[in-house]
Q: 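Structure in structure tokens, see below.
Order of appearance sets the numbers: ligands from 1, and atoms from 1 within every ligand. Note that the structure is predicted; figures quoted are calculated from it, not measured. Below, each value reflects all heavy atoms present in this structure, side chains not excepted, and no hydrogens, waters or symmetry copies.
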Amino acid sequence: MPHDDAEIERRLGNAHDCYKVWRKSHIAERQEVLSRVAGALRAGKENFSFLITSEMGKPIEEARAEIEKCAVTCDFYSANAVRLLADERVDSGARDSRVVFDPIGVVLAVMPWNYPFWQVIRATAPAIAVGNTVVMKHAANVPQCALALETLFRAALAPEGLFATLLVESGRVAPVIRDDRVAAVTFTGSTPVGRSIAQEAGAALKKHVLELGGSDPFIVLSDADIPEAARAAARSRFSNAGQSCISAKRFIVENDVADQFADAFVRETRTYQAGDPFNDATRLGPMARRNLRDELHAQVDATVKEGAVIRVGGKIPEGEGNFYPATILDHVEPEMTAATQETFGPAASIIRVRNSEHALDVANATAFGLGAAVWTGDLDKGQAIARDIEAGAVFVNAVVASDPRLPFGGIKQSGYGRELGVWGLREFANVKTMYSH
Ligand code: NAP
């Protein structure tokens, strides 16, 4: 049941009251809370994983890995917040001039369902470490995860109001953004909704971070280890049933190895058979919602009509559940539907290119700029291409992934601002100059 106005008011009030105390807490105290959150995540791993798989369908082993990653990230901030938030002295000729990192207030987090725990912890653990408090509106299809996250902070003996879930419909987010007690917004989700969040936050002049959609390129050069690249391609595209912002979507392959890569990729793809997500061995679960599967299938159909060829998958299976098979579209051209739109499900597009310059042009010919991968036997060449790719992260000979030590975020229509590492900590900090003559 959604929270009524009085309950939202109570939770916002608590978050704001808590902020007044938490902002003055010693960083060591915040570190202890985050360490206890990590412990509570590990203690509740089976329960939390069960909730994730029940509500959005990811294979249970992936859900367990998601919880562990949340714990690792809380551990990271718990171990490093003092160091990362230490005053920075700057030699300006004054007796003492330094930069200090103050909290800014209550942060509203509007979150998606695809990694129901990870997205939330990734966005909020650093904000809390700085001394902010959090209210969180989660996606409508993961209400039990949303409530479990609040319980998690309670189990970690966090002060009342440090982290609260708001069970509200999306239409009631704008008044929360405008509320004077809310200082900033962090949003993870689709590009169109990000645009409307940015309009609200901009009108209210509130700092915001946007983590939006992507259409990550995965470049395979002719000197790459093709079997290894194909295994990585399948892992990148099909884990979480392809419902990941940083999963590779456009496989841009040099012509002379394109057949070899496509054959190997098809073989790997056949190992991703859809099955019961509660079975430990399942590698491909159902998609999270029926409409998402139908949208993906419409994109696949449209791309085939435009001239692409289905190598594997591409048909909605009979029976219950929102299953969609691991699918490869070959001979996709850069202007086709699956190459221009975000495909948020298990469908890969192979685009064949003449050479590495052509590969780079195709990789950058997108409205998005989240992640990218380059596969090559020549590291120098891979790194040179990586520098020219317009994206928030480029991985050479590795699958794009987030890491608490490294910044995460996009450019272009994939959003702005950064999460994780020291960069995530500073997004919701007042970077304050203190100058003493
Ligand atoms: P979405 O439809 O944009 O929803 C995300 C969140 O926004 C949900 O909590 C949703 O609530 C809420 N929302 C929807 N419409 C709203 C509105 N008009 N005003 C305020 N809030 C609103 O995205 P999704 O389908 O859940 O997630 C998939 C998208 O997220 C993909 O595009 C994916 O690439 C992107 N994503 C990006 C990252 C990243 O880090 N860059 C990570 C993960 C996912 P309701 O559920 O109640 O509608």
Side-chain angles (χ1 to χ4, degrees), residues 2-3 55-58 66 69 108-124 135-143 145-146 149 165-178 182 185-201 203-204 208-216 237 239-249 287-296 299 322 341-345 366-372 391-393 400-403 406-420 424 427:
H3 289 144
E55 291 197 317
M56 58 68 66
K58 83 173 58 187
E66 177 175 338
K69 190 164 181 175
L108 167 66
V110 182
M111 294 286 118
W113 47 266
N114 61 338
Y115 291 87
F117 273 65
W118 168 240
Q119 303 290 3
V120 175
I121 293 295
R122 183 179 86 184
T124 62
V135 290
M136 189 268 299
K137 180 263 184 287
H138 219 323
N141 55 330
V142 290
C145 290
L149 279 153
T165 290
L166 302 181
L167 291 180
V168 292
E169 286 144 13
S170 56
R172 293 173 74 199
V173 169
V176 179
I177 295 176
R178 289 195 291 268
V182 169
V185 186
T186 180
F187 172 77
T188 304
S190 62
T191 298
V193 176
R195 192 171 288 118
S196 76
I197 296 269
Q199 276 163 356
E200 283 297 341
H208 54 283
V209 166
L210 300 178
E211 299 285 355
L212 309 178
S215 184
D216 284 12
R237 179 65 285 210
S239 57
N240 209 32
Q243 303 163 120
S244 167
C245 51
I246 48 166
S247 75
K249 296 177 179 105
M287 292 183 65
R289 294 194 310 247
R290 180 59 56 104
N291 69 315
L292 296 166
R293 180 184 75 172
D294 293 347
E295 279 165 32
L296 181 73
Q299 289 172 314
N322 303 325
Q341 299 178 1
E342 180 182 36
T343 46
F344 210 62
T366 172
F368 297 106
L370 196 53
V400 178
S402 51
D403 180 314
L406 294 168
F408 185 92
I411 59 169
K412 295 158 80 175
Q413 301 287 297
S414 293
Y416 41 77
R418 289 294 178 268
E419 292 181 331
L420 298 176
E427 286 291 355

Q: Does ligand 1 have an atom under 4.0 Å from some heavy atom of Lys249?
A: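 Per 4.0 Å heavy-atom rule, Lys249 does not contact ligand 1.
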
Q: Give the numbers and elements of all ligand 1 atoms closer than 4.0 Å to a heavy atom of His138.
A: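 So the answer, numbered in order with elements, is 9 (O).
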
Q: Compare every heavy atom of Gly214 with every heavy atom of Ser414, then report the nearest pair and how far apart it is.
A: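 For Ser414 versus Gly214, the nearest heavy atoms are OG-CA, 4.0 Å.
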
Q: Could you tell me whether a side-chain N or O of Asp216 sits under 3.5 Å from a main-chain N or O of Gly371, the two making a donor and an acceptor?
A: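 Such a contact is found between Asp216 side chain and Gly371 backbone.
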
Q: Does Thr191, backbone or side chain, put an N or O under 3.5 Å from an N or O of ligand 1?
A: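 No.
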
Q: Has Gln119 got any heavy atom lying under 4.0 angstrom from an atom of ligand 1?
A: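 It does, in that a heavy atom of Gln119 comes within the 4.0 Å cut-off of ligand 1.
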
Q: Side-chain contact, heavy-atom cut-off 4.5 Å: Phe368 with Leu212?
A: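 No, their side chains stay 4.5 Å or more apart.
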
Q: Return the residue, atom name and 0.1 Å-rounded distance of the protein heavy atom closest to atom 2 (O) of ligand 1.
A: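 Ranking protein heavy atoms by distance from atom 2 (O) of ligand 1, first comes Ser190 OG, 3.9 Å.
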
Q: Quick check: does Thr188 get an N/O under 3.5 Å from an N/O on ligand 1?
A: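 No; the residue has no nitrogen or oxygen that sits under 3.5 Å from a nitrogen or oxygen of the ligand.
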
Q: Under 4.0 Å from any heavy atom of Leu370, which atoms of ligand 1 are there?
A: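 Close to Leu370: 41 (N).
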
Q: What is the nearest protein non-hydrogen atom to atom 35 (C) of ligand 1, stated with its residue, atom name and distance?
A: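 Heavy-atom neighbour on the protein nearest atom 35 (C) of ligand 1: Gly189 O, 3.1 Å.
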
Q: Report the nearest protein non-hydrogen atom to atom 18 (N) of ligand 1: residue, atom name, distance rounded to 0.1 Å.
A: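 Nearest neighbour among protein heavy atoms for atom 18 (N) of ligand 1, to 0.1 Å: Ser196 OG, 4.0 Å.
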
Q: Is Lys137 close to ligand 1, meaning an N/O of one under 3.5 Å from an N/O of the other?
A: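 Yes, at least one N or O pair falls under 3.5 Å.
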
Q: So which heavy atom in the protein is nearest atom 37 (C) of ligand 1, and how far is it from that ligand atom?
A: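 Here the nearest protein heavy atom works out to Leu212 O, 3.0 Å.
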
Q: Under 4.0 Å between a Lys/Arg side-chain N and an Asp/Glu carboxylate O for Glu200 and Arg178?
A: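 A salt bridge links Glu200 with Arg178.
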
Q: Identify the two heavy atoms, one from Leu420 and one from Leu406, that lie closest to each other, and give their separation to 0.1 Å.
A: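 The answer is CB-O, 3.3 Å.
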
Q: State whether the side chain of Lys58 and the backbone N or O of Gln243 hold a donor-acceptor pair below 3.5 Å, judged by distance alone.
A: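 No, Lys58 side chain to Gln243 backbone: no donor-acceptor pair under 3.5 Å.
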
Q: Please check if the side chain of Glu55 supplies one atom and the backbone of Cys145 the other of a donor-acceptor pair under 3.5 Å.
A: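 Between the backbone of Cys145 and the side chain of Glu55 there is a qualifying donor-acceptor contact (under 3.5 Å).
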
Q: Is the closest heavy atom of Tyr115 to ligand 1 under 4.0 Å?
A: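 The answer is no: ligand 1 sits nowhere under 4.0 Å from a heavy atom of Tyr115.
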
Q: Where does Asn141 meet ligand 1, judged by heavy-atom distances below 4.0 Å: at the side chain, the backbone, both, or neither?
A: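 Neither part.
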
Q: Show me which atoms of ligand 1 lie under 4.0 Å from any heavy atom of Ile197.
A: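 Selected atoms, number and element: 20 (C).
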
Q: Checking the side chain of Gln299 only, and the main-chain atoms of Glu342 only, is there a donor and an acceptor separated by less than 3.5 Å?
A: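 Here the side-chain-to-backbone pair exists.
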
Q: Would you confirm whether Thr186, through its side chain, and Ala123, through its main-chain N or O, come within 3.5 Å as a donor-acceptor pair?
A: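 Flag not set: sc Thr186 to bb Ala123 has no pair under 3.5 Å.
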
Q: Look at the side chain of Asn240 and the backbone N and O of Asn114, then say whether any donor-acceptor pair between them is shorter than 3.5 Å.
A: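 The answer is yes, because a donor-acceptor pair under 3.5 Å joins these two groups.
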
Q: Could you tell me whether some N/O pair between Met111 and ligand 1 is separated by less than 3.5 angstrom?
A: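 Met111 vs ligand 1: N/O contact under 3.5 Å present.
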
Q: Could you tell me whether a side-chain N or O of Lys412 sits under 3.5 Å from a main-chain N or O of Gly369, the two making a donor and an acceptor?
A: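 Not at all, since once roles are kept as given, no pair shorter than 3.5 Å links the two residues.
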
Q: For Pro116, is there any backbone N or O sitting under 3.5 Å from a side-chain donor or acceptor partner on His138?
A: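 Yes; at least one donor-acceptor contact below 3.5 Å.
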
Q: Do any nitrogen or oxygen atoms of Phe187 come within less than 3.5 Å of a nitrogen or oxygen of ligand 1?
A: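 So ligand 1 has no N or O lying under 3.5 Å from an N or O of Phe187.
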
Q: When you compare ligand 1 with Trp113, is there at least one nitrogen or oxygen pair between them that comes in under 3.5 angstrom?
A: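 It does: an N or O of Trp113 is found under 3.5 Å from an N or O of ligand 1.
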
Q: Could you tell me whether Ala140 and ligand 1 have an N or O pair separated by under 3.5 Å?
A: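 Yes: some nitrogen or oxygen of Ala140 is under 3.5 Å from one in ligand 1.
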
Q: What protein heavy atom is closest to atom 34 (O) of ligand 1, reported as residue, atom name and distance in Å?
A: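 For atom 34 (O) of ligand 1, the nearest protein heavy atom is Glu342 OE2, 2.5 Å.
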
Q: Of the protein's non-hydrogen atoms, which lies at the shortest distance from atom 39 (C) of ligand 1, and what is that distance?
A: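 Protein heavy atom at minimum distance: Cys245 SG, 3.2 Å.
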
Q: Which one of Val193, Asn114, Val110, Leu292 has a non-hydrogen atom at the shortest distance from atom 17 (C) of ligand 1?
A: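 Ranked by closest heavy atom to atom 17 (C) of ligand 1, first place is Val193.
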
Q: Please answer whether the main-chain N or O of Ala248 pairs with a side-chain N or O of Arg237 as donor and acceptor at a distance below 3.5 Å.
A: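 Yes: the side chain of Arg237 pairs with the backbone of Ala248.
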
Q: Main chain of Trp118, side chain of Glu66: is a donor-acceptor contact present, judged purely on distance under 3.5 Å?
A: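 Yes, because the side chain of Glu66 sits within donor-acceptor range (under 3.5 Å) of the backbone of Trp118.
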
Q: Does any part of the side chain of Thr124, heavy atoms only, come nearer than 4.5 Å to the side chain of Met136, both counted from C-beta?
A: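 With C-beta onward as the side chain, the pair stays apart.
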
Q: What is the nearest protein non-hydrogen atom to atom 33 (C) of ligand 1, stated with its residue, atom name and distance?
A: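 Looking at atom 33 (C) of ligand 1, the protein heavy atom closest to it is Phe344 CE1, 3.3 Å.
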
Q: I'd like to check which ligand 1 atoms, numbered from 1 as shown, lie under 4.0 Å from a non-hydrogen atom of Val173.
A: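 Heavy-atom distances to Val173 below 4.0 Å select 20 (C), 21 (N).
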
Q: Look up atom 4 (O) of ligand 1 and tell me if a protein heavy atom lies less than 4.0 Å from it?
A: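 Protein heavy atom within 4.0 Å of atom 4 (O) of ligand 1: absent.
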
Q: Which residue owns the protein heavy atom closest to atom 40 (O) of ligand 1, what's the atom, and how far is it?
A: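 It is Arg122 NH2, 2.7 Å.
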
